[in-house]
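Below you'll find the structure, written out as structure tokens, and then a few comments.
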Amino acid sequence: MAVKGGDGKGGLHNKRLGLAGERKARAYLRLHGWKILNKNYKNPYGEVDIIAEKGGVVAFIEVKTRLSENYGAPSEAVDKRRQTRYIMGAKYYFLNREIDCTVRFDIIEILNGEINHIENAFHL
């Protein structure tokens, strides 16, 4: 049985693929001038893959890595439920922080090694 979004090799392979995708996404962001504030930020609502800052913008970034589009585009996996969890996680992140910034929610898709950075993928 194939695991949705994977290549049929199962959970451990998907976990490794996801971690590799997150490393690649962080390298991409750094290359484009972003400062990584947090990775795998755990909060009561779940986990945010990457929190990054650049030019007064703090982005909460979900990384989706796929080897094929057999189950659709990687970004399609970021459904309303996951978006709500990211928004709640962002609110939690700022509870005890005094930061004057613009907040946005991005998705980085990695499909067959190619990166697609979707800025403002969803909103509050």
Side-chain angles (χ1 to χ4, degrees):
M1 177 173 111
V3 177
K4 185 172 182 178
D7 65 353
K9 293 185 180 179
L12 183 58
H13 181 267
N14 288 343
K15 181 78 169 165
R16 285 187 190 137
L17 182 66
L19 291 172
E22 289 175 19
R23 280 192 304 273
K24 185 170 186 153
R26 289 192 303 272
Y28 165 88
L29 290 165
R30 285 187 195 102
L31 183 66
H32 288 87
W34 289 87
K35 177 183 177 189
I36 307 300
L37 301 177
N38 268 295
K39 63 179 185 172
N40 306 113
Y41 171 69
K42 291 176 180 34
N43 62 77
Y45 307 99
E47 181 178 294
V48 176
D49 292 334
I50 300 170
I51 303 172
E53 185 273 330
K54 177 182 175 183
V57 173
V58 173
F60 291 77
I61 304 165
E62 172 78 355
V63 179
K64 287 299 184 190
T65 307
R66 300 287 187 267
L67 297 175
S68 73
E69 288 188 278
N70 290 344
Y71 297 97
S75 62
E76 292 174 4
V78 185
D79 58 14
K80 283 290 187 192
R81 189 180 114 253
R82 184 160 293 184
Q83 291 175 18
T84 299
R85 290 171 62 182
Y86 255 65
I87 291 166
M88 296 304 292
K91 289 179 180 180
Y92 186 82
Y93 180 81
F94 287 111
L95 273 179
N96 296 312
R97 291 178 170 85
E98 292 290 327
I99 301 175
D100 183 24
C101 64
T102 299
V103 176
R104 74 177 200 211
F105 300 92
D106 294 0
I107 298 172
I108 292 182
E109 298 181 309
I110 302 175
L111 180 61
N112 292 319
E114 296 295 319
I115 293 178
N116 179 27
H117 185 178
I118 304 167
E119 299 177 358
N120 290 307
F122 55 95
H123 301 85
L124 289 173

Within the 6.0 Å centroid threshold, strictly below: Tyr86 and Phe105: no
If hydrophobic clusters are built from ILVMFWY residues whose side chains come within less than 4.5 Å, do Leu19 and Ile51 share one? no
If hydrophobic residues (ILVMFWY) are linked whenever their side-chain heavy atoms come closer than 4.5 Å, directly or via other members, who joins Tyr28 in its cluster? Leu29, Trp34, Ile36, Ile50, Val57, Ile61, Val63, Ile108, Ile110, Ile115
Mind jotting down which residue pairs meet the salt bridge (charged side-chain N to carboxylate O under 4.0 Å, His left out) criterion with at least one end in residues 49-60? Sequence neighbours excluded, please. none
Not counting sequence neighbours, which residues clear side chain to side chain donor-acceptor pair (under 3.5 Å) with Glu47? List them please. Asn40, Lys42
Which residue pairs satisfy the salt bridge (charged side-chain N to carboxylate O under 4.0 Å, His left out) criterion with at least one member in residues 106-124, sequence neighbours excluded? Arg104-Asp106, Arg104-Glu119
Starting from the C-alpha separation in whole Å, work towards a yes-or-no answer on side-chain contact (heavy atoms from CB on, under 4.5 Å) for Val58 and Thr102. CA-CA 6 Å; Val58 173; Thr102 299; over 6 Å; no
Applying ring-ring contact (aromatic ring centres under 6.0 Å, His included), name anything that partners Tyr41, two or more places apart in sequence or on another chain. Tyr93
Taking side chain to side chain donor-acceptor pair (under 3.5 Å) as the definition, give me every residue that meets it alongside Asn38, ordered by chain and number, with sequence neighbours left out. none
I'd like to know if Ile87 and Ile107 are part of one continuous hydrophobic network [Ile/Leu/Val/Met/Phe/Trp/Tyr, side-chain heavy atoms within less than 4.5 Å]. yes
Looking at every heavy atom in both Arg66 and Ala77, which two are closest together, and how far apart are they? NH2-CB, 3.5 Å
Enumerate the salt bridge (charged side-chain N to carboxylate O under 4.0 Å, His left out) contacts for residues 76-85, please, sequence neighbours excluded, ordered by first and then second residue. Glu62-Arg82
Residues at least two apart in sequence or cross-chain that pass side chain to side chain contact (heavy atoms under 4.5 Å, CB included) with Tyr45, listed by chain then number, are Asn43, Met88, Tyr92
Filter on salt bridge (charged side-chain N to carboxylate O under 4.0 Å, His left out), then keep only pairs touching residues 23-34, sequence neighbours left out; what's left? none
Side chain proximity check, Phe122 to Ser75, heavy atoms < 4.5 angstrom: no
